[in-house]
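Note sheet for the following structure.
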Protein chains: 2
Amino acid sequence: MGATLKEIALKVGVNVSTVSRVLNNRGYISKDLRDRVDRAITELDYHPNEIARSLFRKKSNVIGLVIPTVAHPFFGELCESIEKCAYQKNYRVLICNSQHERDKENSYLKLLRANQVDGIILGSHTLDVSAFITDRPPLVTIDRRVDSETPFVSSDNYSGGRLATELLISKGCKKLALIMGNRSLPMLANLRADAFEDITTAYNIPHVTMQTHIMGFDPIDYDEITNRLLREHPDVDGIFTTSDLIASHVMRICQNAGKRIPEDIKIIGYDGVFFGELISPQLTTIRQPIPEMGALAFELLFRLIDKLPVSQENTLPVSLIERGST
Amino acid sequence: MGATLKEIALKVGVNVSTVSRVLNNRGYISKDLRDRVDRAITELDYHPNEIARSLFRKKSNVIGLVIPTVAHPFFGELCESIEKCAYQKNYRVLICNSQHERDKENSYLKLLRANQVDGIILGSHTLDVSAFITDRPPLVTIDRRVDSETPFVSSDNYSGGRLATELLISKGCKKLALIMGNRSLPMLANLRADAFEDITTAYNIPHVTMQTHIMGFDPIDYDEITNRLLREHPDVDGIFTTSDLIASHVMRICQNAGKRIPEDIKIIGYDGVFFGELISPQLTTIRQPIPEMGALAFELLFRLIDKLPVSQENTLPVSLIERGST
DNA sequence: TTGAAAGCGCTAACAC
DNA sequence: GTGTTAGCGCTTTCAA
């Protein structure tokens with residue numbers, strides 16, 4: 001346990017409030033006193049107790065980041081970006097992995113409020129709005145609109161879905177498949193699927209949509225789905241997946257099944273995470289501007305905390321990155 | 001701002017200490033009182049202020065995790081594991097990316113102490129021990145021995161290096177290269193390089209070692225190094241890299257240079273992170289038991305906080321995962 | 001069984 | 001310029 005203000009005051013022979021004043025540079029302080037206090041501070045190795053400060057100020061300078069799992073590259077990169085911005089503005093970030101579990105997400109939300117975080121960035125969406133804690137700290141969501149107030153950050157999911165689908169079509173694919181996470185989650189990412197269906201329908205292209213039945217990122221699940229797809233729809237020659245992680249699994253299964261990529265089957269992912277260019281063939285994908293999304297999410301939260309006006313809808317553009325898999 | 005104990009007490013018509021007692025189940029409380037308090041709590045939507053509790057208890061139930069970057073798959077998976085364990089034991093984790101910057105690492109260390117974290121897990125090692133903050137909270141390091149006291153978790157780096165090197169030799173490689181991060185950092189991972197050099201020397205195999213000159217995970221750097229290696233040592237037919245991330249870059253560069261893997265050149269990585277089996281050919285690697293390492297690190301810290309005895313050296317076994325790249 | 005009082009470490013009126 | 005006092009929201013002696 002470190003020294004306290006009181007001990008400094010005692011040593012210097014002044015009142016605690018005086019020491020507090022020199023620490024915070026409030027009002028006039030005599031040069032002599034300041035020196036003596038400074039000396040005592042170094043001698044006693046004093047460091048202000050931020051918990052006590054937080055209690056008084058009613059401000060913790062901590063924000064909570066709730067995501068499914070930081071081990072998923074999209075969220076890892078997002079977390080990285082958010083932490084970077086938070087650090088610059090003197091905020092700490094508490095990392096909360098929901099693992100796609102309702103209970104954990106819910107209890108983390110409560111816990112964050114109890115811990116007096118100044119704000120929350122929510123990127124995990126297993127709860128419906130009614131379950132949301134009342135009297136909550138400032139909130140910004142990622143990829144979900146929860147109500148007409150709460151600001152959210154997303155990228156242009158519909159355009160992304162359209163770009164991906166159109167690319168496959170323009171490359172000559174005759175039958176398309178979409179492999180996605182569970183659609184029942186209220187996420188804007190579902191717009192990618194909407195676009196896929198709209199576009200294929202408009203172009204009159206046969207298509208099939210498959211989604212995981214569990215909530216989470218279990219590779220086994222993707223592998224099974226892909227195998228079933230190849231079995232039931234052997235004529236599919238273009239696959240759009242809603243993440244690069246899924247895409248890489250799908251790619252591997254296809255290769256194992258003896259399909260050549262992109263000759264026999266073309267695959268396009270989504271996200272633009274780092275390892276997309278490491279796999280072989282390199283993955284064509286729709287890039288979400290992850291660092292910008294993280295920065296924007298923090299910026300919005302920061303403004304919310306400071307009671308500055310923010311826009312509710314914050315949709316960033318996506319871009320097509322063509323690589324070897326198409 | 002939520003209701004406070006005082007408001008509950010006021011509403012129920014008792015003293016705050018009484019309400020506190022029912023909250024914490026201390027001593028005897030009449031059934032009637034308990035009911036009235038419970039009702040007031042729900043009506044006012046009361047939630048204890050954990051900051052105030054922390055101040056009193058001198059315990060925040062928060063730990064700090066300092067790593068280079070959570071966007072690196074090894075640290076992402078480690079962070080995931082640590083958060084999981086922490087959550088079970090009612091601890092929160094503050095995520096601190098040092099970005100391999102001395103200043104940031106140092107200031108995070110100070111900041112964590114000021115924020116009264118109960119403990120720190122340190123996996124970033126740009127500081128030398130002398131720069132360590134004094135009077136620090138309980139500390140557990142990952143992959144580094146800082147002094148004769150502080151417990152650390154690592155996996156068996158020397159064995160890992162040996163396994164990797166011997167595999168390449170047993171596969172018939174005639175000239176080996178090691179591509180590693182910067183060796184000047186005081187990390188136990190350097191033992192992998194020691195093993196590489198010992199074994200190649202023992203077997204009388206020509207070898208060359210290359211390390212990045214910057215601190216960090218800049219892909220450009222790895223690519224340059226690999227290109228230089230291929231240019232200056234075109235006869236190298238086996239490469240050991242100290243991470244899967246590096247390995248995947250190296251693999252790509254080699255493929256771009258027209259080398260077939262594993263026929264012309266064999267590559268083995270390190271870590272056993274998820275995407276190793278997604279790239280093609282799938283990456284042979286030395287697996288570190290990342291979830292177990294994270295769990296152990298937290299367990300040690302937990303014991304340290306509770307002043308229970310802990311062992312200082314905690315080295316977990318590694319295992320060879322043979323896949324397509326060798 | 002409940003209340004009063006003190007105190008965790010700090011800051012901010014308000015005096016002097 | 002510096003001290004006194006009160007209080008942030010909570011818990012815990014100690015009395016009653």
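A, B, ... follow the sequence lines: proteins, then strands. Residue 1 opens every chain.
A donor-acceptor contact closer than 3.5 angstrom links the side chains of Asp45(B) and Thr134(A). A donor and an acceptor atom, one from each side chain of Ser154(A) and Asp143(A), are nowhere located under 3.5 Å apart. Counted by atom type alone, Arg34(A) and Asn25(A) present one or more donor-acceptor pairs between their side chains at under 3.5 Å.
The side chain of Lys58(A) places an N or O atom within less than 4.0 Å of a non-bridging phosphate oxygen (OP1 or OP2) of dG9(D). Contact between the side-chain N/O atoms of Ser30(B) and the OP1/OP2 oxygens of dT2(C) is found at a separation under 4.0 Å.
Counting to the nearest Å, the C1' atom of dT11(D) and the CG atom of Asn61(B) are 15 Å from each other. When the P atom of dT1(C) is taken as reference, atom CG of Asp35(B) falls 15 Å away, rounded to whole Å. Across the protein-nucleic acid pair, Glu7(A) atom CD and dC10(C) atom C1' stand 14 Å apart, rounded to whole Å. Residue Leu55(B) contributes atom CG, which lies 4 Å from atom C1' of dC8(C) at whole-angstrom precision. One atom, CG of Asn25(B), and another, C1' of dT12(D), lie 15 Å apart when rounded to the nearest Å. Between Arg36(A) atom CZ and dG1(D) atom P there is a gap of 14 Å when expressed in whole angstrom units. Atom CG of Asn49(B) and atom C1' of dC8(D) are 9 Å apart (whole Å).
Salt bridge present: Lys11(B) and Glu43(B) bring a charged side-chain N and a carboxylate O closer than 4.0 Å. The pair Arg102(B)-Glu105(B) fails the salt-bridge criterion, with no side-chain N (NZ, NE, NH1 or NH2) lying under 4.0 Å from an Asp/Glu carboxylate O.
Across all strands shown, Ile51(A) has no heavy atoms under 4.0 Å from either base or sugar-phosphate atoms.
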Seminar exercise, completed: Going 5' to 3' through nucleotides 11-16 of chain C and flagging B where a protein heavy-atom sits under 4.0 Å of the base, S where only the sugar-phosphate is that close, and - otherwise, we get BBB---

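Between Phe298(A) and Tyr91(A), the ring planes are perpendicular. Angles over 60° get that label, and only those under 30° would be called parallel.
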